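Reading through the structure tokens given below for one structure.
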Protein chains: 2
Amino acid sequence: MSDLLERLRARGWRMTSQRRVVAEVLAGEHVHLTADEVHARAVERLPEIARATVYNTLGELVALGEVVELSMDGRAKRYDPNAHRAHQHLVCSNCGLIRDVRPSGDPLAVLPSTERFGFAVSKADVVYRGLCPGCARAR
Amino acid sequence: MSDLLERLRARGWRMTSQRRVVAEVLAGEHVHLTADEVHARAVERLPEIARATVYNTLGELVALGEVVELSMDGRAKRYDPNAHRAHQHLVCSNCGLIRDVRPSGDPLAVLPSTERFGFAVSKADVVYRGLCPGCARAR
DNA sequence: TTCTTGACTTGGACAACGTCCATCGTAGGA
DNA sequence: TCCTACGATGGACGTTGTCCAAGTCAAGAA
């Protein structure tokens, strides 16, 4: 977490109280928050922080590669602070719970060149879907 | 395309001119349209069709499994009429072009049970990302 | 064919999420 | 300490999608 602040400062990121709070909120809980959830938690520490500032800061963190943006369904984007470790996501089809998972092997390997249509393919984002233990039990 | 209309009728779907036009628009072009694009094309054939009707109809087609809904980035959802053939998507990181692709093997196979955390995992949605030939050339 | 009825459509208000912009404030170097 | 360019503010605005009450119509019954 202060790792994150260190890295940002080293990159010449101008440090403001707002940016610090947003970074701390993200690093503090290893869940996948929406922008408004980040804003709600940030407001607890810095009451007058603006929604636009949270959006701006999240966008910058994504551009810097420090945070991964997830657009799961048609709902609000979620922000994943676990950007330093390659992983995919496992999502409950019922309640929306998200877990980080690490498949074995490279997901890109299963896409033959005949199926790449001349694209320079550089990554694969995988969303595994199913029922989480809680929702499966409730059925 | 009339395949689609046949299947829908066989399932007891009440056939209206609006539903017919939406289904025809989807089946007619094998691209991935947004709801508003579907509406725009539908209006050319049936000037007074309402936006809400297009949304309703698309939602029903998705529920029936005749169309796949894609939430790529944070933008509008796209609708893929190619639901009868299992496939994944290849997306240009620059221009957003989408192609259907068929990876070899089952993407679920690479997720070990120790990484499933008790979920009953039933499917994997994969988005391969990279530059399409046109965008790669323009760089 | 006409009647009947419940499913479908309409259009406009509303809501969620996100962006933009003019103005104000301040971090950090001189 | 002072300057100034970069960041923050907050409210208007845009896009995408949902909801609802009232009107319309497809399709089976007679």
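First the proteins, then the strands, lettered A, B, ... as listed; each starts at 1. Just so you know, these numbers come straight off a predicted model, no measurement behind them.
- Minimum atom distance to the side chain of B:R51 is reached by D:dG17, of the listed D:dG17, D:dT9, C:dT9.
- Within residues 63-79 of chain B, the residues approaching DNA chain D are B:R75, B:A76, B:K77, by heavy-atom distance under 4.0 Å.
- Going from atom CG of B:L70 over to atom NZ of B:K77 covers 11.0 Å, rounded to the nearest 0.5 Å.
- For the atom pair CG (A:D100) and CD (A:Q88), the distance works out to 9.5 Å, reported to the nearest 0.5 Å.
- Looking at B:E69 and B:Y79, their side chains come closer than 4.5 Å, going by heavy atoms from C-beta outward.
- Across all strands, A:T53 comes closer than 4.0 Å to base atoms (heavy-atom distances).
- Set against D:dT9, C:dG11, D:dA27, the side chain of B:E48 has C:dG11 as its closest nucleotide.
- Between the side chain of A:R19 and the base of D:dG7, no donor-acceptor pair of N or O atoms lies under 3.5 Å.
- Across C:dT10, D:dA27, D:dA8, the shortest atom-to-atom separation from the side chain of A:Q18 is found for D:dA8.
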Would you list the atom pairs, donor with acceptor, under 3.5 Å between side chains in residues 47-67 of chain B and any protein atom, with sequence neighbours excluded?
residue: B:N56; atom: ND2; partner: B:A52; partner atom: O; Å: 3.3
residue: B:T57; atom: OG1; partner: B:T53; partner atom: O; Å: 2.8
residue: B:E60; atom: OE1; partner: B:R19; partner atom: NH2; Å: 2.9
residue: B:E60; atom: OE2; partner: B:R19; partner atom: NH2; Å: 3.3
residue: B:E66; atom: OE1; partner: B:R7; partner atom: NE; Å: 3.2
residue: B:E66; atom: OE1; partner: B:R7; partner atom: NH2; Å: 2.9
residue: B:E66; atom: OE2; partner: B:R7; partner atom: NE; Å: 3.0

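- With B:F119 as the partner, the side-chain contact (heavy atoms from CB on, under 4.5 Å) test is satisfied by one option alone out of A:L97, A:V91, A:L131: A:L97.
- Comparing B:A52 and B:D36 along DNA chain D, the residue whose closest nucleotide (by nearest heavy atom) sits nearer the 5' end is B:D36.
- Comparing B:L46 and A:R9, the nucleotide of DNA chain C nearest to each residue sits closer to the 5' end for B:L46.
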>> Let's go through A:H30 and A:N82 carefully: what are the C-alpha distance in whole Å and the side-chain angles of both, what is the deciding distance for side-chain contact (heavy atoms from CB on, under 4.5 Å) to 0.1 Å, and is it a yes or a no?
In response: CA-CA 8 Å; A:H30 276 188; A:N82 189 16; 5.8 Å; no
